[in-house]
Each structure stands twice: as C-alpha cells, then as structure tokens.
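Below: the structure, in structure tokens.
Everything numeric in this text was worked out from a predicted model, so none of it was measured.
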Amino acid sequence: MTEGERTEPLYFKGMQKLIKEKVGGIIDIKELVIDIHGEGCSTGRLIEITDQIVKDAKIMYQNIWVVFDKDDFEDFDQAIKDGENKGYHIAWSNQSFEYWIYLHFNYSDSALHRHQWNGKLDELFRQYNLGDGKYRKNYENIYNMLNHYGGVDTAIKNAKRRMSGFDKNVDKPSEYDPGTMVYQLVEDLKKYLQ
C-alpha cells in the first residue's frame, strides 16, 4: 500500500507490470493507493486503513508493505513502530520519495527539504532527457524511465550505503535525514524479475 500523490504508486505499478509479464498469473500484487491530505490526516491513519483492508480482505495477505514519506507528519516514528508491531514491512522515506528517486542517479547524504529534491530531479531529468525534461509526479512509466541506465540497481546500492549506519534500535527515522528503506521493498520485488 502506498501513500502519496502519484509517483509511488506509478513506480510500483511499473514493477508489477514487469513481474506479471515475467511470471504470468503466478503472482498477484495488489495496489492500494491512499492519498493522505488535509486536516486530521496522518501516517498513523495509513496504518489504520491498512488494518481495515487486511481485515476485510477475502484472501490472506502474507507480505504486506506500507510505503510512506515523513513529509511534515509528527507521528512518523510512531506509525513505523505501529506498522512493524502489526507485522507490516514499512518502506519509509525521510523526507520524501523523491530522495529514493534521486538515488537512481547519485549518492547523497545531504539533508535537503523535499522541494529541493524536486529541483535536483528537474536537473537530472533535463540532463538525461527523461520524460519532457522535467521531473513530474505523474509519469506512467517512471519505473522504466529510472531503470533505463540501470538506475534501480544504483538506487539500491546508494540506499544501502546511506542506511548502513542506521540502527532502528537507536536511531529515529524522523531524525535520519535523508533516509529511505524503499530499497528493501524493491529488492524483495526484484527477486521475481530474476
């Protein structure tokens, strides 16, 4: 399940399409998109909604991943802890999913605001002539675009490098800026593409 405007679900939809092409009907990946915006919304609410979806499902899910950003949510750390306590895998990003996208091109451990990551992505999309030369959240083929030059493997390598010092028993995700655990979900899904 992903939270976010468009980029996160489109990225994972690209992976889903490749997996379905490779293994046919053997695997079924569910895409559940919840946009959390407006007053009173929180990352904790995403965990509550995930609980409800799992409870109401007619099938038993074995491997549940929840994807969300820190943005400005104050309950970020608690939502991660609550989700993990329920057995969910949490693919969080601090500050935003755009940091994960940036890692497809370059390594960085600079704590930038999410809007600054968007600016850096604009430069990279122009440099690599991706899309219309500007980073947009609604590219239907964002996964393939980013993986064209082996970017997914680069992102995994860069994220592992950045997160190698993260200790979930000591460090708070909200203070580990930048940071992302999205690479764990992507590695898990990539197994089906090999």
Side-chain angles (χ1 to χ4, degrees), residues 1-19 31 33 43 65-73 76-77 79-80 89-168 170-194:
M1 177 171 332
T2 65
E3 164 275 318
E5 289 178 52
R6 294 285 293 151
T7 311
E8 295 95 322
L10 290 172
Y11 184 92
F12 291 109
K13 203 172 200 175
M15 289 194 83
Q16 176 187 20
K17 182 175 185 257
L18 291 174
I19 291 168
E31 177 198 352
V33 180
T43 49
W65 284 88
V66 184
V67 180
F68 57 85
D69 300 343
K70 180 182 181 300
D71 289 327
D72 292 320
F73 295 121
F76 184 67
D77 296 320
I80 292 168
H89 303 280
I90 310 296
W92 57 265
S93 293
N94 183 9
Q95 278 197 6
S96 67
F97 192 77
E98 279 68 26
Y99 174 62
W100 165 251
I101 293 174
Y102 181 83
L103 293 176
H104 287 70
F105 303 95
N106 298 307
Y107 175 80
S108 179
D109 54 15
S110 299
L112 302 177
H113 189 272
R114 64 184 169 274
H115 298 302
Q116 291 173 297
W117 289 118
N118 288 350
K120 291 203 170 282
L121 290 174
D122 279 343
E123 293 170 18
L124 289 166
F125 273 58
R126 192 170 28 260
Q127 177 185 343
Y128 288 94
N129 199 26
L130 298 174
D132 63 7
K134 184 170 174 60
Y135 171 67
R136 300 189 189 283
K137 291 181 170 282
N138 62 350
Y139 286 123
E140 294 283 331
N141 61 341
I142 186 82
Y143 178 82
N144 288 333
M145 237 190 268
L146 294 171
N147 198 36
H148 186 70
Y149 299 103
V152 173
D153 290 333
T154 300
I156 291 169
K157 181 184 75 150
N158 286 335
K160 283 181 173 181
R161 176 179 167 199
R162 172 62 185 148
M163 299 309 292
S164 66
F166 180 77
D167 180 345
K168 73 179 198 172
V170 176
D171 299 313
K172 287 184 175 181
S174 63
E175 295 172 1
Y176 210 82
D177 185 7
T180 185
M181 297 304 251
V182 171
Y183 76 92
Q184 294 175 330
L185 169 56
V186 174
E187 275 189 319
D188 203 36
L189 292 172
K190 276 192 69 165
K191 292 175 193 170
Y192 295 100
L193 296 173
Q194 296 168 350

- Give every residue pair that meets the salt bridge (Lys or Arg N to Asp or Glu O under 4.0 Å) criterion with at least one member in residues 143-154, sequence neighbours excluded. Asp153-Lys190
Validation row: [X], [Y] side chains within 4.5 angstrom (heavy atoms):
{"X": "Leu112", "Y": "Tyr99", "answer": "no"}
{"X": "Asn106", "Y": "Asn158", "answer": "no"}
{"X": "Trp117", "Y": "Ser108", "answer": "yes"}

Measuring from [X]:[atom1] to [Y]:[atom2], what's the distance to the nearest 0.5 Å?
{"X": "Phe12", "Y": "Trp65", "atom1": "CZ", "atom2": "CH2", "answer": "9.0 Å"}
{"X": "Met181", "Y": "Tyr176", "atom1": "CE", "atom2": "OH", "answer": "9.0 Å"}
{"X": "Lys168", "Y": "Phe166", "atom1": "NZ", "atom2": "CZ", "answer": "8.5 Å"}
{"X": "Asn94", "Y": "Asp69", "atom1": "CG", "atom2": "CG", "answer": "9.0 Å"}
{"X": "Leu185", "Y": "Met15", "atom1": "CG", "atom2": "CE", "answer": "7.0 Å"}
{"X": "Gln184", "Y": "Trp92", "atom1": "CD", "atom2": "CH2", "answer": "9.5 Å"}

- Counterpart residues, side chain to side chain contact (heavy atoms under 4.5 Å, CB included), relative to Ser174 (two or more places apart): Lys70, Phe76, Asp77, Lys172
- Go through the structure and list residues passing side chain to side chain contact (heavy atoms under 4.5 Å, CB included) with Ala159, not counting sequence neighbours. Trp100, Leu103, Thr180, Tyr183
Which pair of heavy atoms, one from [X] and one from [Y], lies closest together, and at what distance?
{"X": "Ser93", "Y": "Val182", "answer": "OG-CG2, 3.5 Å"}
{"X": "Ile19", "Y": "Leu189", "answer": "CD1-O, 3.6 Å"}
{"X": "Leu10", "Y": "Ile142", "answer": "C-CG2, 3.8 Å"}
{"X": "Asp177", "Y": "Ala111", "answer": "O-CB, 3.4 Å"}
{"X": "Ala155", "Y": "His104", "answer": "CB-ND1, 3.5 Å"}

- Task: Run the numbers on Leu18 and Tyr192 for side chain to side chain contact (heavy atoms under 4.5 Å, CB included), then give the verdict.
- Result: CA-CA 9 Å; Leu18 291 174; Tyr192 295 100; over 6 Å; no
Show me, pair by pair, the donor-acceptor contacts under 3.5 angstrom made by side chains of residues 120-131, not counting sequence neighbours?
| residue | atom | partner | partner atom | Å |
| --- | --- | --- | --- | --- |
| Asp122 | OD1 | Tyr135 | N | 3.0 |
| Asp122 | OD2 | Lys134 | NZ | 3.2 |

- What side-chain hydrogen bond (donor to acceptor under 3.5 Å, both in side chains) pairs are there with at least one residue in residues 139-150, not counting sequence neighbours? Arg6-Glu140, Asp132-Tyr139
- Any residue meeting side chain to side chain donor-acceptor pair (under 3.5 Å) with Glu187, in chain and number order, not counting sequence neighbours: Lys160
- Message: The test is side chain to side chain contact (heavy atoms under 4.5 Å, CB included); show your working for His89 and Val66 and say whether it passes.
- Response: CA-CA 6 Å; His89 303 280; Val66 184; over 6 Å; no
- Task: Before giving the answer on ring-ring contact (aromatic ring centres under 6.0 Å, His included), spell out for Phe97 and Tyr11 the whole-Å C-alpha distance, their side-chain angles and the decisive distance to 0.1 Å.
- Result: CA-CA 10 Å; Phe97 192 77; Tyr11 184 92; 5.7 Å; yes
- Message: Tell me whether Gln95 contacts the main-chain N or O of Arg114 through its side chain, where contact means a donor paired with an acceptor under 3.5 Å.
- Response: yes
